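Basis for what follows: all heavy atoms, side chains included, without hydrogens, waters or symmetry-related copies. Keep in mind it's a predicted model, so treat the numbers as computed, not measured. In what follows, every chain begins at residue 1, and chains take the letters A, B, ... in the order their sequences are listed.
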There are 2 protein chains.
Amino acid sequence: MAKAKVPAADQTLAMLSHLAHQRGPVPAATIAAALELPRSTVYHLLAVMQERGFVVHLPEERRYGLGVAAFELSSGFSRQQPLARLGGPLVAGLVDRLGESGHLAVLHGRDVLYLVEERAPRRPSLVTDVGVRLPAYLTATGRAMLAALPPAQLRALYPDRAAFAWRGDPDAAGEWRASRLKQLLHEVRETGWAAEAGEVTPGLASVGVAVLDHVGWPAAAIAVTYPDDSPRTLPAAEIAGAVRAAADELGRRIGAARGC
Amino acid sequence: MAKAKVPAADQTLAMLSHLAHQRGPVPAATIAAALELPRSTVYHLLAVMQERGFVVHLPEERRYGLGVAAFELSSGFSRQQPLARLGGPLVAGLVDRLGESGHLAVLHGRDVLYLVEERAPRRPSLVTDVGVRLPAYLTATGRAMLAALPPAQLRALYPDRAAFAWRGDPDAAGEWRASRLKQLLHEVRETGWAAEAGEVTPGLASVGVAVLDHVGWPAAAIAVTYPDDSPRTLPAAEIAGAVRAAADELGRRIGAARGC
DNA sequence: GGCATCCGTCTGCGATCCCAGACGAAGCGC
DNA sequence: GCGCTTCGTCTGGGATCGCAGACGGATGCC
């Protein structure tokens, strides 16, 4: 990355992103080490972020965590972002009709990022919680979107086996290779929907369909998640039909939102 | 506020907060005007925030909006913040048992900020969506927390009639005064729960109970929202009992999380 | 209790950033 | 098509920030 023109701003944002990816509050020294910033710089920036409510200092633990102002950015984003604003009610309706949990995600590099989650009654909160990232190739929503990408774009995302690593862990890819993914996505294109069973959460299966924008690009995907051994579960194809209807409707609505 | 030691960082955060409070993407010039920043400074900072994904530029509309990096801060916050992490499953359980929507909020100045929302099936998404702020004195969660504050703290929050204004609108207070609020909160303390019917959303009522930490401070509140004219609605006192059980349990769990 | 380590604050000067304002491009109204 | 307004980029010098490193306090271990 070219050297930022406003290093203090860039460092501030890097620190916020770093904090967002930690499991809990962290000591200031680990922020300095991780981002290779001078300690005094980190303390100065933390002071400014505290003042604005983006960061909280926990003196008893001598750690820093994200504050309420950071949290509030998400409602601003969701309010402004047509996919989240328009998709929320559609996912809610789907969940009400099917009685299973649903979510909406977007592709972000090789990850999916969940923008909307609606939990069905008596179902657990899912690992696919709002704001969470997961590898696209492992999830129903991610597979649905990857299947809708042009071949060149897909090759760019997954040039080699290293692309299947997760969080720097080279063993995370297991047996995944570009050829296996290509075969899987071919099947997704044939059936029109993506599935995943037990790969994200053991015992749960998901069915996802891409939301295509007016030029056919996968702007998002919608999925429903259900216990994969429940006797009351609908056939996957029937669930996929309902998901497709919601995805197509969202595609129409985001087209209208853009005034085309 | 004393002049910030790192103005670029401070300006960046001010711009993010400003964007979070807009209804949609905005032109750069309005950011400069609202925050009284030089236009070239605003463009430089927007460029840095774009690079880091916190902001997106919409060239066709010549506007700027929040980006996914901003959105992701919320999941970091929710993961790290014990109230959200521990409260989510409790609110989910409450919603499953009662069949009505529920949420968890914290007091932030004179506002409540919603950290968790669980929608019951076939119920609308509420105005109390995650990340939203509302005036505390108008909401069940807010009233529950205000009732648990020491009198001096309450007077500090509502010193005069102007304190009831909302978003700078002096007419928003209607007939609210400190004395009326005090009377209302007295009733809340007597019943042990706060109510609100139609004041936040016409046709919907809420019942809220404060979550007290180990020193008796209202760390949060939990509320359930239901149609206030439904023949199938439980009596408010029964709902309040269930909400109280969840609030007390959360109070115990956050005490344990702090190791006391 | 002493020692080592880490935290958070402070200093000052060389490096560089911030901002006023100019400029060309784009968009809009007539 | 023209004129006006707004957008986005660019420049340079005075103002001021960033950072290396010192320091005192806090914490934990022996």
* What orientation do His57(A) and Tyr64(A) show, parallel under 30°, tilted 30 to 60°, or perpendicular over 60°? ->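 Because their plane-to-plane angle is under 30°, the rings of His57(A) and Tyr64(A) count as parallel.
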* **Parallel, tilted or perpendicular, as decided by the 30° and 60° cut-offs, for the rings of Tyr158(A) and Tyr137(A)** =>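 Taking Tyr158(A) first and then Tyr137(A), their aromatic rings stand perpendicular (interplane angle over 60°).
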Choosing from [options], which nucleotide comes nearest the side chain of [X]?
X	options	answer
Pro7(A)	dC17(C), dG21(D), dC18(C)	dC17(C)
Val6(B)	dG18(D), dC7(D), dA20(C)	dG18(D)
Arg39(A)	dG18(D), dT9(C), dA20(D)	dT9(C)
Pro27(B)	dC7(D), dG8(C), dA20(C)	dC7(D)

Examine [N]: is either OP1 or OP2 under 4.0 Å from a nitrogen or oxygen in the side chain of [X]? Give yes or no.
X	N	answer
Thr41(A)	dC19(D)	yes
Gln11(B)	dC17(D)	no
His57(A)	dG8(C)	yes

* Asked: Is a donor-acceptor pair below 3.5 Å formed from side chain Arg62(B) to base dG27(C), judging by atom type as modelled?
  ->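 Counting by modelled atom types and ignoring angles, no donor-acceptor contact under 3.5 Å is found here.
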* Give Glu61(A) one of three labels, base, sugar-phosphate or nothing, depending on what nucleic acid heavy atoms sit under 4.0 Å from its own. =>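 No contact.
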* With a 4.0 Å cut-off on heavy atoms, is Glu60(A) in touch with a base, just the backbone sugar-phosphate, or nothing at all? ->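 Touches nothing.
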Taking atom [atom2] of [N] as reference, at what distance in whole Å does atom [atom1] of [X] sit?
X	N	atom1	atom2	answer
Tyr43(B)	dA25(C)	OH	P	16 Å
Arg63(A)	dT27(D)	CZ	P	15 Å
Leu45(B)	dT9(D)	CG	C1'	15 Å
Asp10(A)	dC18(C)	CG	C1'	17 Å
Glu36(A)	dC19(D)	CD	C1'	15 Å

* Check Val6(A) against Ala8(B) and note the closest heavy-atom contact, atom names and distance. =>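 Closest pair (atom of Val6(A), atom of Ala8(B), distance): CG1-CB, 3.6 Å.
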* Map Pro59(B) and His44(B) onto DNA chain D by nearest heavy atom, then report which one ends up closer to the 5' terminus. =>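 Going by which nucleotide is closer to the 5' end, it is Pro59(B).
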